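I have placed the structure first, in the form of structure tokens, so that the comments after it can refer back to it.
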Amino acid sequence: PPAVSATEVSKVYGSGDAAVHALRGVTVGFASGAFTAIMGPSGSGKSTLMHCLAGLDTVGGGRVTLGDVEITGMSDRRLTLLRRDRVGFVFQAFNLLPTLTAEQNILLPLQLAGRSPDRAWFDRVVEVVGLRDRLGHRPSELSGGQQQRVACARALVARPEVIFADEPTGNLDSASGAEVLGFLRTSVREMGQTIVMVTHDPAAASYADRVVFLRDGTIVTELYRPTPDTVL
Ligand code: ADP
Ligand code: ADP
């Protein structure tokens with residue numbers, strides 16, 4: 001089964017003349033261990049779809065399944081626990097805590113979940129993301145690219161079933177963005193991570209195995225990369 005899937009998902013904001021149909025019956029599955037990009041023009045429903053898939057927003061109609069759990073209609077409390085235990089997030093704005101070091105930021109989700117870190121896994125994530133000599137630095141002492149790599153390590157350290165990345169390179173220059181995307185791809189290739197990334201940047205999408213295009217709340221086309229290392 002897919003790591004996460006949407007079946008006939010619709011979402012309307014507002015009502016009457018002011019109603020905005022953000023999603024119009026979207027059916028899509030995201031395979032486990034795949035890196036998928038969701039692209040489309042501004043207002044096409046990318047963020048809404050990601051928020052519905054991640055249980056951050058409720059659907060108007062249809063169903064969302066995360067792993068083997070249907071999250072449609074779940075209480076906020078159960079959704080919060082499910083996100084905490086099974087989902088990782090990377091946002092455009094890094095969202096690191098400024099008073100904590102890189103290491104403390106990376107370990108925070110585990111701490112909040114009351115889980116003890118798997119040291120070998122932590123070391124591997126830190127190594128792959130290239131942060132070994134930055135662990136004691138606070139966010140203000142790191143470049144944007146380094147901060148986003150800390151955020152990626154934080155998303156990965158709890159070994160979530162899926163990582164949702166919302167415009168992860170939106171605040172980065174292209175070199176830093178490439179570092180972050182390279183890390184995300186490595187986490188998919190070598191660690192079996194599942195990633196769903198929203199982006200409007202074709203260069204960012206070219207790191208994905210598959211690109212899903214949205215327009216006006218509908219999936220209009222899909223592309224698959226034929227082999228893992230062919231660039232689109
Ligand atoms: P994208 O991420 O592709 O830019 P969004 O999912 O943010 O698209 O938005 C899809 C449509 O829904 C847009 O027309 C947007 O203005 C509208 N929309 C999104 N969130 C809200 C909201 N909270 N209230 C009202 N309209 C919204
Ligand atoms: P982005 O597309 O850059 O991710 P959005 O424009 O989708 O950002 O919006 C960011 C936040 O604002 C989201 O939480 C979304 O739900 C909300 N939002 C978007 N459009 C509207 C709108 N027309 N009215 C109210 N809230 C909105």
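Whatever order the structure lists them in is the order used to number ligands and atoms, beginning at 1. Quick caveat: nothing in here was measured; it's all calculated off a predicted structure.
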Quick check for you: to the nearest 0.5 Å, what is the distance between Thr169 atom OG1 and Gln92 atom CD? 8.0 Å
If you measure from each heavy atom of Gly217 to ligand 1, is any distance below 4.0 Å? no
Identify, by atom number and element, the atoms of ligand 1 in contact range of Lys46, meaning under 4.0 Å from any of its heavy atoms. 1 (P), 2 (O), 3 (O), 4 (O), 6 (O), 8 (O)
Return yes when atom CG of Asp133 has more than 12 non-hydrogen atoms of other residues, nucleotides or ligands closer than 6.0 Å, and no otherwise. yes
Using only atom types and a distance under 3.5 Å, with no angle test, would you say the side chain of Thr27 pairs donor to acceptor with the backbone of Glu8? yes
Please confirm whether Ser42 comes under 4.0 Å of ligand 1, counting heavy atoms of the residue only. yes
Between Val20 and ligand 1, which part of the residue brings a heavy atom under 4.0 Å of the ligand: side chain, backbone, both or neither? side chain
Closest to atom 13 (C) of ligand 1 (heavy atoms only, candidates Gly43, Ser44, Gly40, Gly14) is Gly43
Lys46 side chain vs Phe213 backbone, donor-acceptor pair below 3.5 Å: no
Under 4.0 Å from any heavy atom of Pro41, which atoms of ligand 1 are there? 3 (O)
Which one of Ala22, Ser47, Cys52 has a non-hydrogen atom at the shortest distance from atom 2 (O) of ligand 1? Ser47
Do any N or O atoms from the side chain of Asp166 and from the backbone of Phe91 form a donor-acceptor pair under 3.5 angstrom? no
Measure from NZ or CZ of Arg210 to the centre of the six-membered ring of Phe30 and say whether it is under 6.0 Å with the direction within 45° of the ring axis. yes
Atoms of ligand 1 less than 4.0 Å from Thr48 heavy atoms? 5 (P), 6 (O), 9 (O)
